[in-house]
Trainee: 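Please read through the structure below; I'll follow up with questions.
First listed ligand is number 1; within each ligand, the first listed atom is number 1. Scope of the values below: all heavy atoms of this structure, side chains included, with no hydrogens, waters or symmetry mates. Since we're looking at a predicted model, the values are computed, not measured.
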Amino acid sequence: MQKHPSPYPSVLILGALSDVALAMAELYASRGYRLLLAARQSERLERIVSDLRLRFNAEVKALEFDARQYDSHQEFVDSLPELPDVAIVAFGYLGDQEKALHHFPEALRIIESNYTGAVSILNRLYLRMAERGHGTLAAIASVAGLRGRMSNFHYGSAKAGLIAYLSGLRNLAYHHGVHVITLIPGFMRTRMIAHMKTPGFLTLSPSKAAHLMTRAIQKRRNVAYIGPLWWLIMCIIRTIPESIFKKLKL
Ligand SMILES: NC(=O)c1ccc[n+]([C@@H]2O[C@H](COP(=O)([O-])OP(=O)(O)OC[C@H]3O[C@@H](n4cnc5c(N)ncnc54)[C@H](OP(=O)(O)O)[C@@H]3O)[C@@H](O)[C@H]2O)c1
């Protein structure tokens, strides 16, 4: 029996094994979207794909993707089972700030995993979507990209680059029918910050964050702060003069 094409859009999630990406994948699967999940660890991903198929009767495919393997990105895009309606960059790497300062490969890994890897794959996806005349690109940045702090400025500067890149791409993409969304979360209780103590009222569960992110994507927001208060907090933090800010141990 021929299957009817799904009336729902297709979504590609890059870095699909991120805790928040997994929560987004569940939400999309439960709503009937077709899913392409891309990540480095194909075996773990295959298990998750089977689980989503079983629980939600969803159309889900697993794809192998490494954000730092730039040479593989064009082939990755060319061999996608379909050009998705929505593509979400969820990969990222907090890294070790102290190690990055002393050991350049760690700094490079942070920069590549949060910035250049995203630029490489987003450029290629954008060109295909612009050719088609529609599509949505979303990427997860961070409040860390809005002001450099002594505790994470390698990560923060890479996210700052991503935020500026997305702003420019949005500007270009607007004229070619493609929408670009910058997602700016504060703290999310994921593997990435499991070692950190963060204020409970400012720290979202992955499922709450995923809910807010999918809503921002559906509403075609341009820039969306993920979590209440973060817009205000960052407004205040950004107005602190450098002469004072440099003295704070943030
Ligand atoms: N958690 C927070 O408080 C917070 C706050 C602001 C922004 N963010 C951002 O939110 C996004 C999602 O992170 P998360 O919090 O869900 O943390 P997470 O669970 O640690 O997810 C990060 C994911 O990125 C993947 N990744 C790292 N390098 C990669 C590469 N070279 N190629 C492909 N995938 C790669 C990891 O893959 P593996 O599973 O293979 O390791 C992991 O699945 C990230 O962009 C992060 O920077 C997080």
Trainee: Counting heavy atoms only, which of A210, G145, G186 is nearest atom 6 (C) of ligand 1?
Mentor: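 Going through A210, G145, G186 one by one, G186 has the nearest heavy atom to atom 6 (C) of ligand 1.
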Trainee: Should one rank E64, M188, Q41 by closest heavy-atom distance to atom 2 (C) of ligand 1, which comes out on top?
Mentor: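 Considering heavy atoms of E64, M188, Q41, the nearest to atom 2 (C) of ligand 1 sits in M188.
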Trainee: Could you check whether any heavy atom of A90 sits closer than 4.0 Å to an atom of ligand 1, since that is the contact criterion I want to use?
Mentor: yes
Trainee: Out of curiosity, is A16 lining ligand 1, as in a heavy atom under 4.0 Å away?
Mentor: no
Trainee: Considering only heavy atoms of A67, which atoms of ligand 1 have at least one such atom less than 4.0 Å away?
Mentor: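 Listed by number with element, the hits are 30 (C), 31 (N), 32 (N), 33 (C).
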Trainee: Do me a favour and list the nearest non-hydrogen protein atom to atom 19 (O) of ligand 1 with residue, atom name and distance?
Mentor: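 Among all protein heavy atoms, the one nearest atom 19 (O) of ligand 1 is D19 N, 3.0 Å.
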Trainee: Using a 4.0 Å cutoff against the non-hydrogen atoms of R68, which atoms of ligand 1 qualify?
Mentor: 31 (N)
Trainee: Closer than 4.0 angstrom: is that true for some heavy atom of A39 and an atom of ligand 1?
Mentor: no
Trainee: Side chain or backbone of K159 under 4.0 Å from ligand 1, or both, or neither, by non-hydrogen atoms?
Mentor: side chain
Trainee: In ligand 1, which numbered atoms sit nearer than 4.0 Å to a non-hydrogen atom of L17?
Mentor: 39 (O), 43 (O)
Trainee: Could you check, using the six-membered ring where one of them is a Trp, whether Y155 and Y93 have ring centers closer than 6.0 angstrom?
Mentor: no
Trainee: Considering the heavy atoms of F65, write down every atom of ligand 1 situated less than 4.0 Å from one of them.
Mentor: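 Contacts of ligand 1 toward F65, numbered from 1: 33 (C).
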Trainee: Return the option from Q69, R191, M196, R40 holding the heavy atom at the smallest distance from atom 39 (O) of ligand 1.
Mentor: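 It is R191 whose heavy atom sits nearest to atom 39 (O) of ligand 1.
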Trainee: Tell me whether K61 is salt-bridged to E46, with the criterion being a basic N under 4.0 Å from an acidic carboxylate O.
Mentor: no
Trainee: Run the numbers for me: atoms of ligand 1, each under 4.0 Å from some heavy atom of F187, listed by number.
Mentor: 3 (O)
